[in-house]
2 protein chains.
Amino acid sequence: MGARPPGSTDAPPRDAAPLVRPAARTVPPSTVARLPGYLRALAEVEAQGVRTASSDALADVAGVSPAQLRKDLSFLGSHGTRGVGYDVAHLRGQIGVVLGLTRQRPVVIVGLGNMGHALANYPGFTERGFVVVGLVDADPRVAGTQVAGLRVEPAERLADVVREGGATMAVITVPAGAAQDVCERLVAAGVRGILNFAPRALQVPDGVDVRSVDLGSELQILAFHDRRKAQPSG
Amino acid sequence: MGARPPGSTDAPPRDAAPLVRPAARTVPPSTVARLPGYLRALAEVEAQGVRTASSDALADVAGVSPAQLRKDLSFLGSHGTRGVGYDVAHLRGQIGVVLGLTRQRPVVIVGLGNMGHALANYPGFTERGFVVVGLVDADPRVAGTQVAGLRVEPAERLADVVREGGATMAVITVPAGAAQDVCERLVAAGVRGILNFAPRALQVPDGVDVRSVDLGSELQILAFHDRRKAQPSG
DNA sequence: TAGATTGTTAATCGATTAACAATC
DNA sequence: TAGATTGTTAATCGATTAACAATC
């Protein structure tokens with residue numbers, strides 16, 4: 001528990017010189033947000049049998065500019081070879097380390113409505129390094145049922161489910177009105193990363209990370225760009 | 001009407017002086033992305049009976065800083081009253097206009113797996129200004145079935161479904177390998193805004209807007225922040 | 001060596017924050 | 001009027017882009 005809170009703006013203290021240089025001192029948030037995309041791109045080209053890829057090739061698959069990809073990767077340390085490119089398998093491993101994907105991470109899902117149900121069965125979580133270890137729903141008609149091979153637990157067992165599964169991450173797919181309460185109980189149980197699908201801003205203490213996915217908002221943002229293109233077709 | 005448009009770098013062409021000043025000349029992307037959140041916050045306080053709210057109060061509900069909220073709203077024109085605050089109903093209407101939510105927008109969903117199924121039944125789309133007018137799935141076992149009160153159409157009817165529904169927006173929930181092809185066919189049929197759930201970067205021509213929601217990536221980004229907090233609990 | 005491509009620097013651009021004059 | 005709060009300005013901060021020296 002001696003760790004200093006990361007991401008502080010002051011000069012980073014260097015208590016002891018580490019023998020092994022840590023892969024990254026700091027990685028900007030915008031870069032972190034793109035790393036999963038690079039991981040996807042690497043998996044894709046690797047599946048095609050490519051062993052080495054240039055920043056141009058990778059950037060093309062990932063949908064970014066080569067300059068941005070190189071800049072992003074430079075924050076992780078130097079993992080390419082000038083004149084050659086990047087070793088696909090090696091870079092994949094490095095990004096995995098930076099993202100903390102060296103072990104499967106247990107995740108709990110709270111709220112087994114349509115969305116929660118779909119996420120519990122979503123293969124993408126498993127493929128990307130996560131295991132759903134627990135399901136919780138407050139509705140007594142839902143608790144006790146089986147979803148994706150797991151028993152749905154009642155609301156009062158939330159903390160137990162988190163602790164028994166060793167989960168530090170959770171997905172909230174409850175109605176908006178219940179989201180903040182669920183959030184607080186998850187945090188109290190030890191959860192430090194929350195993926196929130198409820199259309200509501202969640203208040204969390206320092207050290208807890210929330211990412212919100214609001215599907216209605218996504219469409220509204222698209223609608224903004226679409227609004228002038230309205231077609232008076234006949 | 002002698003005021004010069006502020007904040008523009010180049011001289012904007014002024015072909016004809018509009019009688020009604022358009023609500024916004026340009027709105028920065030980062031601001032656009034936050035407008036749906038303000039809409040949500042306004043709906044919430046309005047439901048509590050609040051008629052007028054300060055930037056402090058709204059920002060609190062929306063989860064942003066008061067300065068940022070005021071700055072964002074200033075791009076839409078001036079809709080508050082100094083010393084008083086914002087008229088909740090009026091501001092809600094204004095943001096709705098800016099986002100182009102003055103009419104229900106028809107949306108097509110392609111891919112009726114777990115996720116597509118959940119989205120077809122998602123009340124949040126309806127509540128936020130959208131109507132699902134068509135469903136398409138390439139799987140012959142899925143096409144022909146009924147989902148959310150609509151018949152799922154086969155892949156070859158994609159363009160018809162888009163045109164018959166008048167949809168300019170679509171949701172892609174097909175496997176990654178099929179996403180680019182579906183995307184191109186949607187664009188060819190007239191779709192201009194795409195919400196993509198497939199974990200793949202989509203190539204689109206100018207004038208088409210894509211927003212990608214990759215749930216695996218979201219968890220991986222959370223994992224980055226969570227990685228050092230690993231608990232060797234006993 | 002010559003060609004290719006990274007890693008890094010510097011310049012540009014955009015977004016956020018803080019402060020406060022304007023004004024209800 | 002005095003107090004409250006917006007709208008806007010200027011300063012800061014962070015992200016992106018372009019260019020190229022380093023180097024395989």
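Keep in mind it's a predicted model, so treat the numbers as computed, not measured. Convention: sequence-line order gives letters A, B, ...; per-chain numbering from 1.
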Derivation of the side chain to side chain donor-acceptor pair (under 3.5 Å) call for S217(A) and R128(B): CA-CA 8 Å; S217(A) 289; R128(B) 310 277 282 278; 2.8 Å; yes
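Rounded to a whole Å, the CG atom of L73(B) is 16 Å from the P atom of dT5(D). In this structure, the CD atom of Q68(B) is 20 Å from the P atom of dT5(D), given to the nearest Å. The distance between atom CG of L69(A) and atom C1' of dT6(C), rounded to the nearest whole Å, is 11 Å. Atom P of nucleotide dT8(C) and atom CG of L76(A) are separated by 12 Å, given to the nearest angstrom. If you measure from atom CG of D56(B) to atom P of dA18(C), you get 13 Å, rounded to the nearest angstrom. Nucleotide dT17(D) holds its C1' atom 12 Å from the CZ atom of R34(A), rounded to whole Å. Following rounding to the nearest Å, L91(B) (CG) and dT5(D) (C1') show an atom-to-atom distance of 15 Å. Rounding to whole angstrom units, CG of residue D72(A) and C1' of dG7(C) are separated by 13 Å.
The pairing partner recorded for dC24(D) is dG3(C), the criterion being a Watson-Crick or G-U wobble arrangement whose two distances lie under 3.5 angstrom. Using the Watson-Crick or G-U wobble rule with both distances under 3.5 Å, dT9(C) pairs with dA18(D).
A pairwise comparison of heavy atoms in L42(A) and V88(A) identifies O-CG1, 3.6 Å as the closest pair. A pairwise comparison of heavy atoms in Y122(B) and M115(A) identifies CD1-CE, 4.3 Å as the closest pair.
Distances shorter than 4.0 Å separate some side-chain N or O of Y86(B) from OP1 or OP2 on dG7(D). The side chain of S30(B) places an N or O atom within less than 4.0 Å of a non-bridging phosphate oxygen (OP1 or OP2) of dT16(C). Under 4.0 angstrom from either OP1 or OP2 of dT16(D) there lies no side-chain N or O belonging to R70(A). Proximity of S55(B) to the phosphate of dT6(D): a side-chain N or O atom is located under 4.0 Å from OP1 or OP2. Distances shorter than 4.0 Å separate none of the side-chain N or O atoms of S74(B) from OP1 or OP2 on dT6(D). For dT5(D), the OP1/OP2 oxygens have no side-chain nitrogen or oxygen of S54(B) closer than 4.0 Å.
Contacts of P28(A) with the nucleic acid, taken as non-hydrogen atoms under 4.0 Å apart, involve only primed sugar atoms and P, OP1 or OP2.
Each of V84(A) and K71(A) lies near DNA chain C, and the nucleotide nearest V84(A) is the one positioned closer to the 5' end. Of the two residues contacting DNA chain D, namely A67(A) and P29(A), the nearest-nucleotide position lying further toward the 5' end is that of P29(A).
Each of R192(A), R105(A), R103(A) was scored for a salt bridge (charged side-chain N to carboxylate O under 4.0 Å, His left out) with D226(B), with one residue passing: R105(A).
Seen from the ring of F224(A), R227(A) counts as a face-on cation partner, given the 6.0 Å and 45° thresholds.
A donor-acceptor contact under 3.5 Å is not formed by the side chain of R82(A) with the base of dT23(D).
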